[in-house]
Every structure is written in structure tokens, then in C-alpha cells.
Amino acid sequence: MELGLDGKLCLVSGASRGIGRAIAHALAREGARVMAIARGRADLDAVLGELPGSGHAAIAADVTTADGATAAVEGCAQALGGIDAVVSVVGKSFARDAAAMDDADLAKSLDMNLWSAARVAQRAVPHLIARGGGSITMIASIWGREAGGAPGYNTAKAAVIALAKAMARDYAKHAIRVNSIAPGSILFPGGGWDRRVKADPAAMADFVKRELPFGRFGTPEEVADAVAFIASPRASWITGACITVDGGQGTSF
């Protein structure tokens, strides 16, 4: 399927590894020009060296802060000449149970997962309007759709889904679509599941057998392919949706 992304100007936050890196690749393969955003310059340079096509760029910025989000969005618009699509990938889990979730932990969860997406999206909207519309895609989690995971993460990802729905309704008049993607358990080097597999392979093997219907973890590329479609003009009548990419792991309707 031709997605209509050729020449589109796409900002991807959290693009240096895992799901974000795979999304940058997926968009570049479709002919988009990608602005990769992450905190580490060395990792960004590695991503730039891998991306197919030309005209890509990178900015080292921390989008969990207001100044970092502004630098990322304004830098993207200046370097690429505008913004057609935004994909917010930044996220992290902290305290594993409610008893350990103090004020600081919850604040970190919200900054990393919710505010990183909200700040980039809000700052990008004027640039999307200037281009006649576009798309915003926020990476949530199945743990934003149902109970599970760390409580702060659960809370923040649920808020991401709610934010995407609210923004979708508010910005439809500007031809801007806003959606969220809810991955399940995705395995990649250096990620949380990779660390757990290395720390306790037997327990993780039992988890896979018990919780993952296909008997394996998902891959970043499987999430990225869904994102490329949702971010593209071919998904023109999809907005305000939360789309699971979890191999049947989630149990909500």
C-alpha cells in the first residue's frame, strides 16, 4: 500500500532506540523526511547514519521539559521547513507498586510519559495548521487501557490516551488527526523487557507462556508499521482512536 508519506516532514521524539528508532526507519522507508529527537547526540547520529533516503536531521533535546520541547519543535520546523506529522514516543516506568509511588515518582511518570507528548503536540499544532493539517500520534500502552504495570506509568499512559482523544476533537477543524497507539510487551536491546529477560529468564519464559497468546514478545518494527499507517494520509478517517498493537495480550474490549 502506498501510504502517501513521500516528502512528508515528520518529527519523532524518543527516536534513538527501540520503538522510536523503528518508527523513524518506517517513516523514512516511506519517503518521509525525519527529524529524530532524543537526549543523546551519539545515539541520534547513529540513527541518522542508518535511515534510508535523504534530508533527515536530528536534534538533541529533552522533551520532558518545556524548553526541550520548544527546542525540538521549533528546530524541526526550521530545519525541515515545516511539520506534517508528529510521533511522540518518549516514555518510562518507575516505582513498581503504589506503596513506593511518592510525589516525586508520580511527577517523573507524568513528565516522562504525559507531558513529553503534550508539550510537543501543543507546540507542533501551529506548524501543522500552517501546512494545511497533518497528524499527531502518541505512543501509549495497553497499561493505559487497563490495569497493569507500574501505577504511575498506568496513570500517565491512561492520560495520554485521554489527551489524544480530546485533542482529536478540538483540532479536527484544522484537519489535524490525533491518535494513540497502545503497544503490549515489546522486546528490544536495552529495553525494560530485555533487562528482565536477562535478569530472570525462567520467570520471563513463564510470563510469555502465560500472558502472550502468540508465545513471544512483540518487536519495535511491528509497532512502527502500525504507526506509519496511522500517521499517513491513508488513515484520513481515523482520529481520536487508541489502537492496540499487542498480539492479543490486553484483555480490555
Side-chain angles (χ1 to χ4, degrees), residues 2-16 20-39 41 44-45 47-90 115-139 163-164 166-181 224 227-240:
E2 171 56 55
L3 295 183
L5 284 168
D6 190 35
K8 296 294 185 182
L9 312 175
C10 301
L11 184 158
V12 181
S13 70
S16 63
R21 193 174 196 146
I23 290 168
H25 274 269
L27 295 172
R29 284 196 303 271
E30 293 294 327
R33 293 176 60 198
V34 174
M35 172 59 77
I37 309 293
R39 288 181 292 185
R41 185 73 229 184
L44 284 173
D45 288 341
V47 171
L48 281 182
E50 299 168 356
L51 294 181
S54 60
H56 311 302
I59 295 174
D62 182 358
V63 298
T64 68
T65 70
D67 288 346
T70 298
V73 171
E74 296 307 318
C76 177
Q78 182 175 7
L80 299 187
I83 303 175
D84 295 309
V86 172
V87 185
S88 294
V89 187
V90 175
W115 280 109
S116 61
R119 287 174 172 138
V120 169
Q122 287 289 73
R123 286 158 174 76
V125 163
H127 297 288
L128 295 172
I129 292 173
R131 297 276 292 180
S135 68
I136 298 170
T137 308
M138 302 177 182
I139 302 302
L163 174 66
M167 291 184 70
R169 294 182 63 83
D170 284 349
Y171 291 127
K173 60 180 175 289
H174 297 297
I176 296 172
R177 298 181 301 105
V178 189
N179 293 288
S180 58
I181 301 286
V227 171
F229 171 70
I230 289 300
S232 79
R234 295 303 296 266
S236 59
W237 205 234
I238 301 175
T239 194

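Values below: all heavy atoms of this structure, side chains included; hydrogens, waters and symmetry mates excluded.
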Q | Ile238 backbone acceptor or donor facing Asn179 side chain under 3.5 Å | A |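 It does hold such a pair.
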Q) Can any side-chain N or O of His174 pair as donor or acceptor with the backbone N or O of Asp170 at less than 3.5 Å? A)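 No; zero donor-acceptor contacts below 3.5 Å.
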Please give me the minimum heavy-atom distance between [X] and [Y], naming the atom from each residue.
X      : Y      : value
Ala168 : Thr239 : CB-OG1, 3.3 Å
Ala124 : Ile83  : CB-CD1, 4.5 Å
Ala24  : Val34  : O-CG2, 3.7 Å
His56  : Ala32  : CE1-O, 3.1 Å
Ala15  : Val47  : O-CG2, 3.5 Å
Ala61  : Gly68  : CB-O, 3.6 Å

Inter-residue atom distance [X].[atom1] - [Y].[atom2], 0.5 Å rounding:
X      : Y      : atom1 : atom2 : answer
Ser13  : Ile59  : OG    : CD1   : 12.0 Å
Ile176 : Ser135 : CD1   : OG    : 9.5 Å
Asp84  : Cys10  : CG    : SG    : 6.5 Å
Leu163 : Ser180 : CG    : OG    : 9.5 Å
Leu128 : Tyr171 : CG    : OH    : 10.0 Å
Leu5   : Arg33  : CG    : CZ    : 14.0 Å

**Q.** Under the side chain to side chain contact (heavy atoms under 4.5 Å, CB included) test, residues paired with Ala58 that sit two or more places apart
**A.**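 If we apply the side chain to side chain contact (heavy atoms under 4.5 Å, CB included) test to Ala58, skipping adjacent residues, the hits are Ala36, Arg41, Leu44, Leu48.
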Q | Asp62 and Thr64: side chain donor to acceptor below 3.5 Å | A | yes
**Q.** Sole residue of Val227, Ile181, Val12 in side-chain contact (heavy atoms from CB on, under 4.5 Å) with Val89
**A.**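 Running side-chain contact (heavy atoms from CB on, under 4.5 Å) over Val227, Ile181, Val12 with Val89 returns exactly one hit, Val12.
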Using side-chain heavy atoms (C-beta onward) and a distance below 4.5 Å, is [X] in contact with [Y]?
X      : Y      : value
Val63  : Arg119 : no
Val86  : Thr137 : no
Ile37  : Val120 : no
Val125 : Met167 : yes

Please set out all donor-acceptor pairs under 3.5 angstrom arising from side-chain atoms of residues 72-81, sequence neighbours excluded.
residue	atom	partner	partner atom	Å
Glu74	OE1	His127	NE2	3.3
Glu74	OE2	His127	NE2	3.1

List, one per line, each side-chain donor-acceptor pair under 3.5 Å for residues 228-236, sequence neighbours excluded.
residue	atom	partner	partner atom	Å
Ser232	OG	Phe229	O	2.7
Ser232	OG	Arg234	N	3.2
Arg234	NH1	Glu2	O	2.8

Q: Evaluate the criterion side-chain contact (heavy atoms from CB on, under 4.5 Å) for residue pair Ile136 and Arg177; output intermediate values, then yes/no.
A: CA-CA 6 Å; Ile136 298 170; Arg177 298 181 301 105; over 6 Å; no
Q: Please list, chain by chain and in numerical order, all residues satisfying salt bridge (charged side-chain N to carboxylate O under 4.0 Å, His left out) with Arg29, sequence neighbours excluded.
A: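 Expected list: Asp225.
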Q. Thr70: what forms a side chain to side chain donor-acceptor pair (under 3.5 Å) with it, not counting sequence neighbours?
A. Arg123
(Q) Run the side chain to side chain donor-acceptor pair (under 3.5 Å) test against Arg21 and tell me which residues pass, sequence neighbours left out. (A) Glu50
Q: Decide if atom CZ of Arg131 counts as having more than 12 heavy atoms of other residues, nucleotides or ligands within a radius under 6.0 Å.
A: yes
Q.
If you count every heavy atom of other residues, nucleotides or ligands that lies below 6.0 Å from Asp67 atom CG, does the total exceed 12?
A. no
